[in-house]
Amino acid sequence: MTPVQLIFFGFLLVTGLGTGILMLPAATAAGEETSFIHALFTATSALCVTGLTVVDTGAHWSGLGQVVILVLIQLGGFGVMTFATVVGLIVLGRLSLRSKLLAAAEAKSLGLADLRSLILGIVKISLIVELVLTVILTLRFWLSYEMTFGEALWQGLFHAISAFNNAGFSLFSDSLMQFVGDPIVCLSMAAAIILGGLGFPVILQLRRRYRTPRLWSMHTRIVLWATTVLLVGGTGFILALEWSNPATLGPLNWSEKLLASFFQSVQTRTAGFNSVDISAMKPTTWLGLDALMFIGGAPAGTAGGIKVTTFAVLLFILFAELRGGAAVNIFGKRLSRAVHRQAISVVLLATALIVLVTGALMHLTGLPLDQVLFETVSAFATVGLSTGITADLPAVGQALLVLLMFIGRVGPITFASALALRERRTMYELPKERPIIG
């Protein structure tokens with residue numbers, strides 16, 4: 001089996017194990033068995049760090065169920081094969097060539113050199129960010145929200161891991177709506193979400209070369225530039241459209257409106273928490289959030305979507321075509337033509353999947369396009385924001401969202417490659433010919 005196929009089936013195996021445990025009566029607060037589709041949906045959503053739910057996470061699941069969800073979130077953030085490589089490194093003290101190939105494929109590494117440092121760096125960064133956020137949230141919940149220290153610690157740990165891994169699972173029934181005006185909770189979680197959405201290669205390079213921006217790679221420059229533009233643009237978009245909406249930003253003062261708009265813009269990086277009622281937003285706002293969720297975060301991290309690098313590459317290709325340029329140049333470097341094909345393939349596959357599932361769900365449920373489209377984009381981009389229809393979908397509809405979440409996490413190209421029986425290599429080239437375009 002190829003590394004891509006092993007990653008694919010590794011995710012399937014862990015999803016199956018998580019589903020089996022969540023179906024146990026001990027995993028629910030009421031001591032009753034959870035249905036297969038609900039357990040499968042929750043396990044997939046946790047492992048794919050999505051955050052869409054069909055039951056109340058805090059009320060339905062027992063301590064065991066919540067721990068299983070948290071473990072799946074951490075595995076999904078690390079990557080199943082990356083975590084297995086870490087375990088092998090701890091036990092054996094070294095990495096085999098096959099382990100290196102698997103870890104490189106999942107971590108989106110361009111080579112095997114210094115892979116050990118990359119893997120250990122991923123673990124170190126994850127644990128440090130999660131620990132710091134756990135301390136901040138625990139103290140805030142304990143000192144300001146009348147929780148016992150034990151309850152505050154569990155809430156802080158759960159939400160810290162969920163935030164950094166861009167999962168969006170919350171133990172509060174209203175997600176984070178009760179903290180809409182709390183800058184300590186919202187901004188600390190937003191910072192962790194942004195870090196997770198930047199991707200581990202970017203974080204590692206910034207840690208090593210934060211004083212020398214001229215030495216940053218094209219990838220790091222694109223990620224930082226696109227992330228900043230989308231965060232600022234998303235904040236302004238939500239603020240402008242929801243400013244006077246009495247069900248969302250309307251009752252808040254101006255500083256709380258700005259905080260809530262920024263926080264929701266951050267969530268479209270594929271985190272999925274909400275501090276305002278998403279179902280009460282205007283359909284125009286939903287459409288804008290669809291676009292932001294579809295783009296998502298950066299590769300080789302905990303975010304989903306088509307990735308900001310794919311979106312940026314397509315923009316630069318468009319600019320080059322409009323200017324009549326012979327090559328696509330980005331930040332003083334020429335873009336490889338192979339990247340052109342990859343970016344176009346990802347967008348076309350993602351669009352096709354979303355259109356197909358959206359059409360199927362509309363046919364099954366009779367729900368309006370804006371709500372169904374929002375749900376399908378959220379599932380594919382592993383975001384977890386919802387207009388409130390997921391729990392009411394029929395079993396077939398929830399199964400379709402499970403498939404979308406899985407494909408969105410492993411990537412459309414990886415998913416297609418894993419299903420391919422063999423790789424075909426042609427030993428010849430056909431003559432060129434150009435159709436008329438446009």
Side-chain angles (χ1 to χ4, degrees), residues 45 50-60 159 162-163 166-183 185-187 189-190 193 230-231 233-295 354 358 361-362 365-393 397-398 401:
S45 184
T50 304
L52 283 176
T53 58
V54 288
V55 294
D56 188 319
T57 305
H60 179 82
H159 288 87
S162 185
N166 281 214
F169 275 87
S170 175
L171 297 180
F172 302 111
S173 298
D174 62 352
S175 189
L176 299 179
M177 289 176 62
Q178 61 183 297
F179 307 107
V180 63
D182 190 329
V185 173
C186 291
L187 292 180
M189 291 187 69
I193 291 165
L230 292 172
L231 283 176
T235 301
F237 176 81
I238 296 170
L239 193 64
L241 267 69
E242 296 295 321
W243 181 273
S244 58
N245 187 341
T248 55
L249 301 184
L252 307 177
N253 60 46
W254 71 267
S255 60
E256 291 174 338
K257 288 179 179 180
L258 181 60
L259 176 63
S261 298
F262 173 72
F263 187 76
Q264 287 309 142
S265 179
V266 171
Q267 303 318 304
T268 61
R269 319 312 304 147
T270 77
F273 295 104
N274 61 284
S275 61
V276 295
D277 188 355
I278 300 297
S279 65
M281 285 183 166
K282 299 176 181 178
T284 311
T285 309
W286 286 344
L287 183 60
L289 295 183
D290 286 341
L292 292 171
M293 292 189 298
F294 184 73
I295 296 170
I354 289 172
T358 299
L361 289 179
M362 289 178 65
T365 64
L367 291 169
L369 172 62
D370 49 10
Q371 283 186 296
V372 176
L373 180 62
F374 190 95
E375 225 73 10
T376 53
V377 172
S378 181
F380 171 80
T382 68
V383 179
L385 293 176
S386 174
T387 60
I389 65 172
T390 298
D392 298 325
L393 292 176
Q398 292 176 358
L401 292 186

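No hydrogens, no waters, no symmetry mates; every other heavy atom, side chains included, goes into these values.
Checking side-chain atoms of Asn245 against main-chain N and O of Ala280 turns up a donor-acceptor pair under 3.5 Å. Remark: the backbone N or O of Met281 is not paired with any side-chain donor or acceptor of Thr285 at under 3.5 angstrom. Side-chain N or O atoms of Ser162 include one that pairs as donor or acceptor with a backbone N or O of Gly168 at under 3.5 Å. Side chain of Thr365 to main chain of Leu361: a donor-acceptor pair is present (N/O by atom type, distance under 3.5 Å, no hydrogens or angles). Side chain of Ser45 to main chain of Leu52: a donor-acceptor pair is present (N/O by atom type, distance under 3.5 Å, no hydrogens or angles). Not a single donor-acceptor pair under 3.5 Å links the side chain of Gln267 to the backbone N or O of Leu385.
In this structure, a donor-acceptor pair under 3.5 Å is absent between the side chains of Ser261 and Glu242. For the residue pair Glu375 and Thr387, a side-chain donor N or O sits within less than 3.5 Å of a side-chain acceptor on the partner. A donor atom on one side chain and an acceptor atom on the other are found under 3.5 Å apart for Thr358 and Thr376.
Val185 is not listed as a side-chain neighbour of His159, based on a closest heavy-atom distance of 4.5 Å or more. Looking only at side-chain heavy atoms (C-beta outward), Phe263 and Val180 stay at 4.5 Å or farther from each other. Gln264 places a side-chain heavy atom less than 4.5 Å from the side chain of Ile278. By the 4.5 Å heavy-atom criterion applied to side chains, Leu259 and Leu187 are counted as neighbours. In this structure, the side chains of Leu239 and Leu258 come closer than 4.5 Å at one or more pairs of heavy atoms. Between Ile354 and Leu373, the closest side-chain pair of non-hydrogen atoms falls below 4.5 Å. In this structure, Val383 and Val377 have side chains that are not in contact, with every pair of non-hydrogen atoms separated by 4.5 Å or more. Contact of the Leu287 side chain with the Asp370 side chain is not registered, since no non-hydrogen atoms from C-beta on lie closer than 4.5 Å.
Across all non-hydrogen atoms, the minimal contact from Leu252 to Ala260 is CD1-CB, 4.1 Å. Minimum interatomic distance between Arg269 and Leu292 (heavy atoms only, all atoms of both residues): NH1-O, 4.4 Å. The minimum heavy-atom distance between Thr53 and Thr390, with the atom names listed, is O-CG2, 3.9 Å. The minimum heavy-atom distance linking Asp277 with Thr248 is given by the pair O-CG2, 3.5 Å. Nearest heavy atom pair, residue Phe273 against residue Ala163, reads CE1-CA, 3.8 Å. Nearest approach of Met362 to Leu367, heavy atoms of both residues: CG-O, 4.0 Å.
Rounding to the nearest 0.5 angstrom, the gap separating the OG1 atom in Thr284 from the CH2 atom in Trp286 is 10.5 Å. Expressed to the nearest 0.5 Å, how far CD1 of Ile238 lies from NZ of Lys257 amounts to 14.5 Å. We find the OG1-CD1 distance between Thr268 and Ile295 to be 8.5 Å, quoted to the nearest 0.5 Å.
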Run the side-chain contact (heavy atoms from CB on, under 4.5 Å) check on Ser275 and Met177 step by step: do they pass?
-> CA-CA 4 Å; Ser275 61; Met177 289 176 62; 5.5 Å; no
Go through the steps to decide whether Thr382 and Asn166 satisfy the test side-chain contact (heavy atoms from CB on, under 4.5 Å), and finish with yes or no.
-> CA-CA 9 Å; Thr382 68; Asn166 281 214; over 6 Å; no
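Ring pair Phe179/Phe172 is perpendicular by interplanar angle, where above 60° counts as perpendicular and below 30° as parallel.
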